[in-house]
Amino acid sequence: MLARDLILWLSTKPSVTNTIARRGMKDGFARRFIAGETLDEVLSACATLCAQGRTVSLNHLGENVSTEAAANKVSDTYVHLLELLHARNLPGNTSIKLTQLGLVVGRDLCENLTRSIARRAQELHLTIEIDMEGSAYIEVTLEIFEAVQRASGNVALAIQAYLYRSESDLQRLERLQPKIRLVKGAYREPKNVAFQEKAAVDANFKRLTTHLMEGAARGTFFPAIGSHDPAMAAHAQAEAARLQVPKDKYEFQMLYGIQRDLQDQVFREGHRVQVYVSFGTDWCPWFMRRLAERPANCWFVLRSLLAERKT
Ligand code: FDA
């Protein structure tokens, strides 16, 4: 927990993030998790994954956009991505962060941009997914999700198992019959809102997986199990079998470059697997959260930075 907190704290320090950002792509250590900085690079990574039977969710990295012009530009990028997925016949969608679509500039701006991306996706018979960010944004994210899902019916939402409130949020969302991406949660949250111990987060993840699978059996949820934890995957598979949920009524989701063996194993066992593929130049905060999830990942970054000092 200490190492995780330290890395999440360092991720707010520009002196650290600037160094990592300067070296990450050049030295290659960031490429393990980020498909590339350009559209060409990411589309080529997606084509490879789709040829292997995976679907993809494309995320253009960035968060906390602070001007309307920048938010509009992000929205244009997402519409362009959807059009490219459609034109190239790549099975997939886009994952968006509301703070990247101007949430901190204005709620109406953000909701309108989300609506327009979802509408364009609907025209192309595609879907979009909304990531869940820090707890300060949860209520407004739920409200925007509800509004846009009611209007276009093609939106999925991430729900974080580390939050105490998530079970009641699922009860609230069930009437919209959504696809829910269940994740453990990647931010640093205080103990008045979130479980702090891994065992408690894992237990809640399993409980919410069961809740989602029961919904899937009733036809009210499409569960997307977003985890690299073999124990979470095994629980989801057992619950799907117990409740006789057909394999096309739920899926597993994992991040690009992480636990590829588990991705292959789950896929070989006949389950749907969607890979969340991130790209773009603004990758540092996202990359630091991946390091925080597994501090052992820091060694290859440190080795690379120390090599820089020697040269
Ligand atoms: P856990 O952290 O317990 O890891 C289980 C095992 O997986 C580890 O022992 C290790 O072997 C491997 N592993 C996990 N992370 C690794 C890493 N970074 N590098 C290498 N190995 C790793 N969060 C959020 O707050 N909002 C969101 O919208 C999303 N969206 C999202 C989409 C998808 C598709 C996934 C898979 C995850 C997210 N997350 C997220 C991140 C999520 O909340 C969580 O932080 C990570 O998935 C890590 O938790 P695990 O469930 O993988 O288990």
Side-chain angles (χ1 to χ4, degrees), residues 1 3-5 7-8 11 29-35 49 54-59 61 63 92-100 128-138 141-142 145 155-163 165-166 169 179-189 193-206 208-209 223-236 250-263 265-266 272-278 283 285-301:
M1 236 13 179
R4 179 176 182 269
D5 286 348
I7 297 165
L8 290 175
S11 74
F29 59 75
R31 284 191 186 276
R32 174 161 169 192
F33 306 130
I34 292 136
L49 288 164
R54 311 314 193 248
T55 59
V56 290
S57 189
L58 268 176
N59 169 251
L61 288 161
E63 41 205 83
N93 58 49
T94 58
S95 279
I96 60 176
K97 281 192 170 44
L98 296 190
T99 66
Q100 197 187 8
I128 67 168
E129 303 199 0
I130 299 180
D131 290 355
M132 191 59 88
E133 301 179 67
S135 58
Y137 301 115
I138 291 172
T141 301
L142 289 174
F145 165 76
V155 189
L157 180 69
I159 289 287
Q160 297 153 324
Y162 62 14
L163 296 179
R165 60 176 288 165
S166 288
D169 287 342
K179 171 175 173 179
I180 296 288
R181 178 204 304 157
L182 182 63
V183 298
K184 289 189 185 175
Y187 298 81
R188 201 167 154 214
E189 298 292 357
V193 298
F195 296 105
Q196 304 292 306
E197 299 304 322
K198 179 175 161 48
V201 177
D202 288 358
N204 202 37
F205 193 102
K206 288 183 177 171
L208 298 181
T209 297
I225 306 304
S227 175
H228 314 100
D229 187 338
M232 301 304 120
H235 176 76
Y250 64 93
E251 72 186 17
F252 290 89
Q253 294 194 2
M254 297 188 211
L255 300 176
Y256 179 83
I258 297 182
Q259 288 279 58
R260 279 169 290 199
D261 289 351
L262 183 63
Q263 292 185 19
Q265 183 196 319
V266 169
R272 289 162 63 140
V273 178
Q274 178 172 286
V275 182
Y276 183 109
V277 186
S278 293
W283 48 263
W286 194 88
F287 177 72
M288 296 288 280
R289 288 199 293 276
R290 303 291 79 78
L291 294 186
E293 282 155 10
R294 192 160 185 257
N297 285 340
C298 291
W299 287 114
F300 65 82
V301 176

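Heavy-atom basis, side chains included; hydrogens, waters and symmetry copies ignored. Just follow the structure's listing: the first ligand is 1, and inside any ligand the first atom is 1.
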Just to be sure I read this right, does ligand 1 sit under 4.0 Å from the backbone of Tyr187, its side chain, both, or neither, counting only heavy atoms?
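Side chain only.
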Using a 4.0 Å heavy-atom cut-off, which part of Glu133 comes near ligand 1: side chain, backbone, both, or neither?
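The answer is neither; Glu133 stays 4.0 Å or more away.
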Options [options], ranked by nearest heavy atom to [atom], top entry:
atom	options	result
atom 35 (C) of ligand 1	Asp261, Leu255, Ile159	Leu255
atom 53 (O) of ligand 1	Lys184, Met232, Glu129, Arg260	Lys184
atom 47 (O) of ligand 1	Gln274, His228, Met132	His228

Any side-chain donor paired with an acceptor under 3.5 Å for Arg181 and Ser57?
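Their side chains do not contain a donor-acceptor pair, so the 3.5 Å distance test is not met.
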Under 4.0 Å from a heavy atom of [X]: give me the atoms of ligand 1 that qualify, with their elements.
X	value
Gln253	34 (C), 36 (C)
Gly226	36 (C)
Tyr276	32 (C), 34 (C)
Ala158	28 (O)
Gln160	24 (C), 25 (O), 26 (N)
Lys198	3 (O)
Gly185	25 (O), 42 (C), 43 (O), 45 (O)
Asp131	28 (O)

Which atoms form the tightest heavy-atom contact between Phe252 and Val266, and what is the distance?
CD1-CG1, 3.4 Å
What pair of heavy atoms forms the shortest contact from Asn204 to Leu163, and how long is it?
ND2-O, 3.7 Å
Is the shortest side-chain heavy-atom distance between Leu182 and Met232 below 4.5 Å?
no
Do Val193 and Arg165 come close enough that some side-chain heavy atom pair is under 4.5 Å?
no
Test side-chain contact (heavy atoms from CB on, under 4.5 Å), reference Asp131, set Ile96, Leu98, Asn59, output is Asn59
Looking only at N/O atoms, are Ile258 and ligand 1 under 3.5 Å apart anywhere?
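In fact, backbone or side chain, Ile258 has no N or O that close.
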Can you find an N or O of Arg181 that's nearer than 3.5 Å to an N or O of ligand 1?
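N/O-N/O distance under 3.5 Å: yes.
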Can a donor-acceptor pair be found, under 3.5 Å and without considering hydrogens, that links the side chain of [X] to the backbone of [Y]?
X	Y	result
His228	Gln259	no
Ser166	Gln160	yes
Gln196	Tyr162	no
Gln263	Gly257	no

